[in-house]
Protein chains: 2
Amino acid sequence: MFEGDEMHFVASVVTGAARLSRTLPDGRLQMLGLLLPSDFIGRPGRDKVAYDVEAIQDVTLCCFRRKPFEQMVETTPHIGQRLLAMSLDELDVAREWMMLLGRKTAREKITCLLALIGQRIATLHLQPVTDGLSFEMPISREAMGEYLGLTIETVSRQMTALRKDGIIEVKGSRSITIPDLADLMAETGDDTDGGMLI
Amino acid sequence: MFEGDEMHFVASVVTGAARLSRTLPDGRLQMLGLLLPSDFIGRPGRDKVAYDVEAIQDVTLCCFRRKPFEQMVETTPHIGQRLLAMSLDELDVAREWMMLLGRKTAREKITCLLALIGQRIATLHLQPVTDGLSFEMPISREAMGEYLGLTIETVSRQMTALRKDGIIEVKGSRSITIPDLADLMAETGDDTDGGMLI
DNA sequence: CGGCAGTTTGACCAACATCAAGTTGGGTGG
DNA sequence: CCACCCAACTTGATGTTGGTCAAACTGCCG
C-alpha cells in the first residue's frame, strides 16, 4: 500500500514482516518502522494510509473492515487499551530512532542496528545474549542504509571497518558473529550500563 | 524531569510549552518532541520517564496521580480512545521527523521548520496562511539545531543563505517574514502540492 | 560459462561540523 | 546617559564525515 491510498480495512500481522517507509519526490527513501507479528496496520479514525507499507517477507494478515472495527474499539475498552499500549511502544521506538538519525555517526548507527538485530534474533530463538552471539542479518545492505539514513556504500565501508577492528566477524555478507558484546555496545554511543549511575 | 526518573503522576499541558529530548552520554542532544497545550505527559502502565522533559516557557499542568488515572482509563473508554488518537498523531509527527532527520539536507530541514512554525503560529492567531506571512520565531538558533539535528552554526548559515536568496526576510534574529510561501515550500524537499497526482 | 544482483573498494567531492573570532543588542551599574 | 557586559548570533577558516561516481569482485543461477 502506498501513502495516500484509501484503506478500507485495518489489520494485524500474523506471520512474516513488512516495513513502513516514506519517499521524497526526488526518490530519497527513509524507512520508518518494521512490522512484525502482532503489529498493527492502520488506525481507527483515519481512512488514508500515512506511509508506504511493503512486505519484506511473505506476510499473513488478519484483516478487519475498518468501520466495524472502529465500532468494536468503542464498545470493547480492552481493545482500545491494547492499541494504546502498542502505539505508545511504537512511539518510543520512533523517538529512539530519531536520536539515532539526528545525532549518531555512521559507525554508531551500524553498531546500534547490529546490537538490536542480534539481540532480537537471539531472544526469538531463546538463546542467551552473550559474547560469541552469531546470527544471519535478515536484511540487505541497502535495507540497512534505508533504515539508518545512510548510503549502501557507507554501510559497506563501516561493516568492513568493524570487521577490521575485530568488533564483528563476517562470513559471506549476511552471517555475523559478535565476539565481544561489550566491545560492540561501546561503539553504539549509548550508555553501556543501561544508564545507571555508579 | 529526566530520563529514568520515577513518575508518580501523569499530566496534561494546560498553558505554556515544554520539550522532550534525549542526551547521549557524551552530551549530544536531540529534541524528540514539543509539548503544547492539550498534550499529554506520561503514560498509563509505565512508571519511569522515557525522555527528558523540560519547560521552555512557564507551564501549567493538570496532574493526576498515576494509579487512579490508570483505573479511570480502564473504566472510561472514551478517555482511552482519546489517548489513542493523540498518541497516533504523535507517532505520525515522530515519523515525519524521522524522514527529516534521516534524509533531508540542512536547507530543507530549516525551511521545513520555518514552514511548520509559521503555519502553526498563523493558525493559532486565526490568520490566513498566505504570502507575506510574518511571525516571531519562538525558539533560539540553538533550539532549532537541537530540533533539526544540526549545529547552531549551520542553522545560522542556512538562515543567512535563505535571506540572501530572498526566501525569507529577517529582522533582528527572531522576526521572520515569508514573502512567497510557494518559494519556501519548494525548498522543503516535500511535495509542494500535497502529494496529489495531476 | 556468462549474466546478474548484491556487495565491496577506490578516488574524489560536497555538506556539515569544529574551532575561533567577530558582531549585535538588550540590560545593568556607575 | 553612557560604558560595559553578556548572551545570542553571525561569519570565517579549516577539517571530517559521509555522499557520489565508477569500477571491480562475489556467489548464485540458468
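Within every chain, numbering begins at 1; the chains are lettered A, B, ... in the order of the sequence lines, protein sequences first and strands thereafter. What's counted below: heavy atoms across the whole structure, side chains too, no hydrogens, waters or symmetry copies.
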Student: Closer than 4.0 Å, any side-chain N/O of B:Arg174 to the OP1 or OP2 of D:dC9?
Tutor: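 Yes, B:Arg174 has a side-chain N/O under 4.0 Å of OP1/OP2 on D:dC9.
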Student: Separation of B:Glu142 atom CD from D:dC9 atom C1', in whole Å?
Tutor: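 From B:Glu142 CD to D:dC9 C1': 11 Å.
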Student: Closest heavy-atom contact between B:Gln158 and B:Ala106?
Tutor: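 Heavy atoms only, the tightest pair is NE2-CB, 3.8 Å.
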Student: Report the distance from atom NZ of B:Lys171 to atom C1' of D:dC9, rounded to the nearest whole Å.
Tutor: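 For the pair B:Lys171 NZ and D:dC9 C1', the rounded distance is 18 Å.
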Student: Looking at every strand, decide which applies to A:Gly149 at a 4.0 Å heavy-atom threshold: base, sugar-phosphate, or nothing.
Tutor: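 Result for A:Gly149 = sugar-phosphate.
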Student: Between B:Lys67 and B:Asp47, does any side-chain N to carboxylate O distance fall below 4.0 Å?
Tutor: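 No, this pair does not count.
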Student: Taking for each residue the nucleotide of DNA chain D bearing the nearest heavy atom, is the 5' side occupied by A:Thr105 or by A:Gly172?
Tutor: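 Nearest nucleotide further toward 5': that of A:Thr105.
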Student: Give, ordered by number, those residues of residues 152-162 of chain B having at least one heavy-atom distance below 4.0 Å to an atom of DNA chain D; if nothing qualifies, reply none.
Tutor: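 B:Glu153, B:Ser156, B:Arg157, B:Thr160 - these, ordered by number, are the residues of the stretch whose heavy atoms sit under 4.0 Å from the strand.
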Student: Take atom CZ of B:Arg28 and atom P of C:dA17, then tell me their distance rounded to the nearest Å.
Tutor: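 So the two atoms are 12 Å apart, to the nearest Å.
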Student: Could you tell me the separation between the CZ atom of A:Arg141 and the P atom of D:dG27, rounded to a whole number of Å?
Tutor: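 Taking atom P of D:dG27 as the reference, CZ of A:Arg141 is at 13 Å.
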Student: Rounded to whole Å, how long is the line connecting atom NZ of B:Lys104 with atom C1' of C:dA15?
Tutor: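 The distance from NZ of B:Lys104 to C1' of C:dA15 comes to 17 Å, rounded to the nearest Å.
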Student: Pick the nucleotide of DNA chain D nearest each of A:Ala106 and B:Arg163; which residue has the one closer to the 5' end?
Tutor: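 So the residue in question is B:Arg163.
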Student: Could you tell me the separation between the CE atom of A:Met144 and the P atom of C:dT7, rounded to a whole number of Å?
Tutor: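 Answer to the nearest Å: 9 Å.
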Student: Rounding to a whole Å, what distance do you find between B:Glu146:CD and D:dC9:P?
Tutor: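 Distance, rounded to whole Å: 11 Å.
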Student: Find the distance between CG (B:Leu35) and CZ (B:Phe40) and round it off to the nearest 0.5 Å.
Tutor: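 Those atoms lie 11.0 Å apart.
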Student: Taking the nucleotide of DNA chain C with the closest heavy atom to each, which residue, A:Arg103 or A:Lys164, is nearer the 5' end?
Tutor: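 That would be A:Lys164.
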Student: I want to check something: taking the side chain as every heavy atom from C-beta on, are B:Leu24 and A:Met99 in contact at a cut-off of under 4.5 Å?
Tutor: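 Answer yes - side chains close enough.
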Student: Students often get this wrong, so: under 4.0 angstrom with heavy atoms, is B:Thr151 touching a base, only sugar-phosphate, or nothing?
Tutor: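 Base contact - B:Thr151 has a heavy atom under 4.0 Å of at least one base atom.
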Student: Out of D:dG19, C:dC16, C:dT7, which has the shortest distance to the side chain of A:Leu150?
Tutor: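 The nucleotide sitting nearest to the side chain is D:dG19.
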Student: Do A:Arg103 and B:Leu29 have side-chain heavy atoms sitting under 4.5 Å apart?
Tutor: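 They are not in contact (no side-chain heavy atoms under 4.5 Å apart), so the answer is no.
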Student: Give a yes or no on whether a salt bridge exists between A:Lys48 and A:Glu3, defined as a side-chain N under 4.0 angstrom from a carboxylate O.
Tutor: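 Looking at A:Lys48 and A:Glu3, the cut-off is not met.
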Student: How sharply is the helix from C:dC1-D:dG30 to C:dG30-D:dC1 bent, taking the axes over five pairs at either end and rounding to 10 degrees?
Tutor: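 So the angle between the two local helix axes works out to 20°.
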Student: Considering non-hydrogen atoms only, spot the tightest contact between B:Ala122 and B:Val129 and give its length.
Tutor: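 Smallest interatomic distance, heavy atoms only, reads CB-CG2, 3.9 Å.
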Student: Under 4.0 Å between a side-chain nitrogen and a carboxylate oxygen: does that hold for B:Asp190 and B:Lys104?
Tutor: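 Counted as a salt bridge, because a side-chain N and a carboxylate O are separated by less than 4.0 Å.
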Student: Quick one: B:Leu101 CG to D:dG18 C1', roughly how many Å, whole number?
Tutor: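 My rounded result for the distance is 17 Å.
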Student: Looking at B:Asp26 and B:Arg28, is there a salt bridge between them, counting it only when a charged N and a carboxylate O are closer than 4.0 Å?
Tutor: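 Yes, B:Arg28 and B:Asp26 are salt-bridged.
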Student: Is the closest basic N to carboxylate O distance between A:Glu54 and A:Arg19 below 4.0 Å?
Tutor: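 Salt bridge between A:Glu54 and A:Arg19, a charged N being under 4.0 Å from a carboxylate O: yes.
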